[in-house]
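One structure is given below, encoded as structure tokens.
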Number of protein chains: 2
Amino acid sequence: MATVSRVVNNNPNVKPQTRKKVFEAIERLGYRPNAVARGLASKKTTTVGVVIPDISNSIFAEIARGIEDIANMYHYNIILCNADKRKEKEIRVINTLLEKQVDGLLFMGGTVTDEHIQAFQTSAVPIVLCATRDEKGTYPSVDIDHETAAFDAVNTLIRHGHREIAMISGTLQDPANGYARFHGYKKALEAAGIEYQEDLVRIGNYRYESGVEAMKYFLGLKKKPTAVFAATDEMAIGAIHSIQDEGLKVPDDFSIISVDNIRMASMVRPLLTTVAQPMYDLGAVAMRLLTKLMKKETVENPRVILPHETILRLSVNHVNK
Amino acid sequence: MATVSRVVNNNPNVKPQTRKKVFEAIERLGYRPNAVARGLASKKTTTVGVVIPDISNSIFAEIARGIEDIANMYHYNIILCNADKRKEKEIRVINTLLEKQVDGLLFMGGTVTDEHIQAFQTSAVPIVLCATRDEKGTYPSVDIDHETAAFDAVNTLIRHGHREIAMISGTLQDPANGYARFHGYKKALEAAGIEYQEDLVRIGNYRYESGVEAMKYFLGLKKKPTAVFAATDEMAIGAIHSIQDEGLKVPDDFSIISVDNIRMASMVRPLLTTVAQPMYDLGAVAMRLLTKLMKKETVENPRVILPHETILRLSVNHVNK
DNA sequence: ATTTGACGGTAACCATTTACGATGTAGCTC
DNA sequence: GAGCTACATCGTAAATGGTTACCGTCAAAT
């Protein structure tokens, strides 16, 4: 038994000849090692749990792909759980993942509340936050600087001469895509000495339709904006179509910019100018960080902020005088 | 020990009073059941393996969501493995999934070769094919009828008076999205007495860019088609933009139709007419089928074909005389 | 002859489930 | 009321399929 275990696990203390014999027996008997038994004995499962808001959302799907690729590279498997940003469901899946003795946990998406922290604290294995972070900064995380990303987006509008800049925001309860991006918008206005106007901000739900709706509202204003900043690409694309459906043009009549750079941003007309967040890398770096933690390697900086980059395409123009 | 096991597993043979005492002890000690040990003893892991071509592809992401929802409903977890339609990688992950003692296996995407069958045959647990099937029809599967879907698509073009119909196909090596859809195209032409012309067919790779390229080719033809059928929505959208970039219009100058109905199909201008495949349902039904198989319930029809539906939107028009 | 290191076997251990048996209690019969 | 049966409850121990610490054996080197 022990010898078989050794050859299966590539332990060097086996004579090549007996190793060969074992392999032959394995072949002959169709033996397949039982990873569950192995997990029980070795206290390692080579699987990590990932809780994701919604795999059918292309942003998270892209992040997940990054996670999976790196996990694969280090011979880990992934248990994937959708939690829809519902706190109670998130806590539940964290617990079942921990019951399953995952070697590590990747938590993506939603707000990290005290209840989350409590659940995390019961964990004997490392946890990293991906595309989110906890307020206190006690847990390792990989994210972008949403506020600065939004700031940069609005700022490129300003540099193109715009001063009447509307925003299609997410809900302000959401710390990352919502609050932080909205705050970046305000800061950019402030830095340029532009007064903040409440009726130039609409709250959407990140989806296309809400972008369409918000833009309709702006089009109905007496004092229309000349540019709009959307918190997500999807809402930006909705806004573009809203404008086009009225017979107006982007960027001639309105400039549009947003944050994300989903694949679709380069599959619309005009090509969408946007601040790219490195989605694949968010996942990949988070997973890489987790592998280090699982191997108990010391990591220099456990709270990484990945750089964003504004991609100038065709939906932003200099303002018409 | 046995009593604890009984209360944890909701076995009725425990006095309510001792049950309560056990719960108190669990609470006090912060006990968390170990699913790995449970899996070893019970020979059940309540997890199913799913091998997927690419989770960052929106079609598969949507299917995966259906799978996960139903799995969740039946208290299964999902181990997700990307395999990129690479045979060798698919075989590998099938084996590691089986080593992990999954209770069932969901195989999506790529072609099912003899080697796949061989790997499947070593499995002691049920396997269902999702969005693909094996030639011999020996394994349970859930899919749509790609050929008829394509036939219907081309036929609505024909019913709108088109007779010069081009196709942007996938590779003919791919049995479902490639060969079957191409064959549906040919059949529809044949049924309408339209001669098949080789230079009206281009092979793409399912992606946007290849749709753009293929359409450029058609636009360069002396005898241009009046309509084009794309094997996937993404290529269709590429074609639309290719047309619009030349200053021409859809559907005035060209009608466009395709198969899939991804979310993006209703996020372009003009709204894309397409034959919808029920992606979420493909996953959900496949997973439901798998749960039945895992519970050893008898299932009436283990090879299900889900209906498709052509969604008339704005990219198809009657041909200009 | 002794030491050393490579090799391989023994058995404890991992945290559960489950078959089986022990115990106790209630109800019934006589 | 004794004795018996039946059942509910709970504990014991085997089983699950590996890993690994530890020890013994053997051949080669000293």
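Lettering follows sequence order; numbering is per chain, from 1. Everything numeric in this text was worked out from a predicted model, so none of it was measured.
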Self-check item: Side-chain (B/Arg303) to main-chain (B/Tyr139) donor-acceptor, under 3.5 angstrom
Solution: yes
Residues 94-112 of chain B, side-chain donor-acceptor partners within the protein, below 3.5 Å, at least two apart:
unit_1: B/Asn95; atom_1: OD1; unit_2: A/Arg32; atom_2: NH1; d: 2.8
unit_1: B/Asn95; atom_1: ND2; unit_2: B/Ile91; atom_2: O; d: 3.2
unit_1: B/Thr96; atom_1: OG1; unit_2: B/Val93; atom_2: O; d: 3.4
unit_1: B/Lys100; atom_1: NZ; unit_2: A/Thr45; atom_2: O; d: 3.0
unit_1: B/Lys100; atom_1: NZ; unit_2: A/Thr46; atom_2: O; d: 3.0
unit_1: B/Lys100; atom_1: NZ; unit_2: A/Thr46; atom_2: OG1; d: 3.2
unit_1: B/Lys100; atom_1: NZ; unit_2: A/Asn77; atom_2: OD1; d: 3.2
unit_1: B/Asp103; atom_1: OD1; unit_2: B/Thr45; atom_2: N; d: 3.1
unit_1: B/Asp103; atom_1: OD1; unit_2: B/Thr45; atom_2: OG1; d: 3.3
unit_1: B/Asp103; atom_1: OD2; unit_2: B/Thr45; atom_2: N; d: 3.3
unit_1: B/Asp103; atom_1: OD2; unit_2: B/Thr46; atom_2: N; d: 2.7

Quiz item: Rounded to whole angstrom units, what separation is found between the CG atom of B/Asn13 and the P atom of D/dG11?
Solution: 13 Å
Quiz item: Quick one: on DNA chain D, does A/Ala41 or B/Ala41 contact a more 5' nucleotide (nearest heavy atom)?
Solution: B/Ala41
Exercise. Using a heavy-atom cut-off of under 4.0 Å over every strand shown, decide if B/Val14 touches base, sugar-phosphate, or nothing.
Key: sugar-phosphate
Quiz item: Does B/Arg38 offer a backbone N or O that forms a donor-acceptor pair with the side chain of B/Ser42 under 3.5 Å?
Solution: yes
Quiz item: When you match A/Ala37 and A/Ala2 each to their closest nucleotide on DNA chain C, which lands nearer the 5' end?
Solution: A/Ala2
Quiz prompt | Full working for salt bridge (Lys or Arg N to Asp or Glu O under 4.0 Å) between A/Lys87 and A/Glu115 | solution = CA-CA 8 Å; A/Lys87 184 173 68 181; A/Glu115 284 172 74; 2.7 Å; yes
Quiz item: Between B/Thr232 and B/Glu234, is any side-chain donor less than 3.5 angstrom from a side-chain acceptor?
Solution: no
Exercise. Scan B/Arg19 against the nucleic acid and name what it touches under 4.0 Å (heavy atoms): base, sugar-phosphate only, or nothing.
Key: nothing
Quiz prompt | Atom-pair distance (CG on A/Leu29; C1' on D/dG17), nearest Å | solution = 15 Å
Self-check item: A/Asp260 (side chain) donor-acceptor with A/Ile262 (main chain) under 3.5 angstrom
Solution: no
Self-check item: Sugar-phosphate, base or nothing in reach of A/Thr3, heavy atoms under 4.0 Å
Solution: sugar-phosphate
Quiz item: Please give, in whole Å, the distance from D/dA8 P to B/Gln17 CD?
Solution: 18 Å
Quiz item: Please give, in whole Å, the distance from D/dG17 C1' to A/Asn34 CG?
Solution: 6 Å
Quiz item: Between A/Arg65 and B/Asp84, is a salt bridge (Lys or Arg N to Asp or Glu O under 4.0 Å) present by the stated rule, with each step listed?
Solution: CA-CA 11 Å; A/Arg65 181 67 215 224; B/Asp84 294 306; 3.0 Å; yes
Exercise. Check the distance between D/dA21's P and A/Asn9's CG and give it to me in whole angstrom.
Key: 13 Å
Quiz item: Between A/Met1 (CE) and D/dA21 (P), how many Å, whole number?
Solution: 15 Å
Quiz item: Looking at five pairs on each end of the helix from C/dA1-D/dT30 to C/dC30-D/dG1, what is the angle between the two axes, given to 10 degrees?
Solution: 50°
Quiz item: What's the CG-C1' distance between B/Asn11 and D/dG11, to the nearest Å?
Solution: 14 Å
Practice problem: Round to the nearest Å and state the distance from B/Lys43 atom NZ to D/dA15 atom C1'. | Solution: 9 Å
Practice problem: Using distance alone, with no hydrogens and no angle criterion, decide if A/Asp174 and A/Tyr206 have a side-chain donor and acceptor under 3.5 Å apart. | Solution: yes
Self-check item: Heavy-atom contact window of chain B on DNA chain C, given 5' to 3' at under 4.0 Å
Solution: C/dA15 to C/dT18
Practice problem: Would you check if the side chain of A/Asn72 reaches a backbone N or O of A/Glu68 as a donor-acceptor pair within less than 3.5 Å? | Solution: no
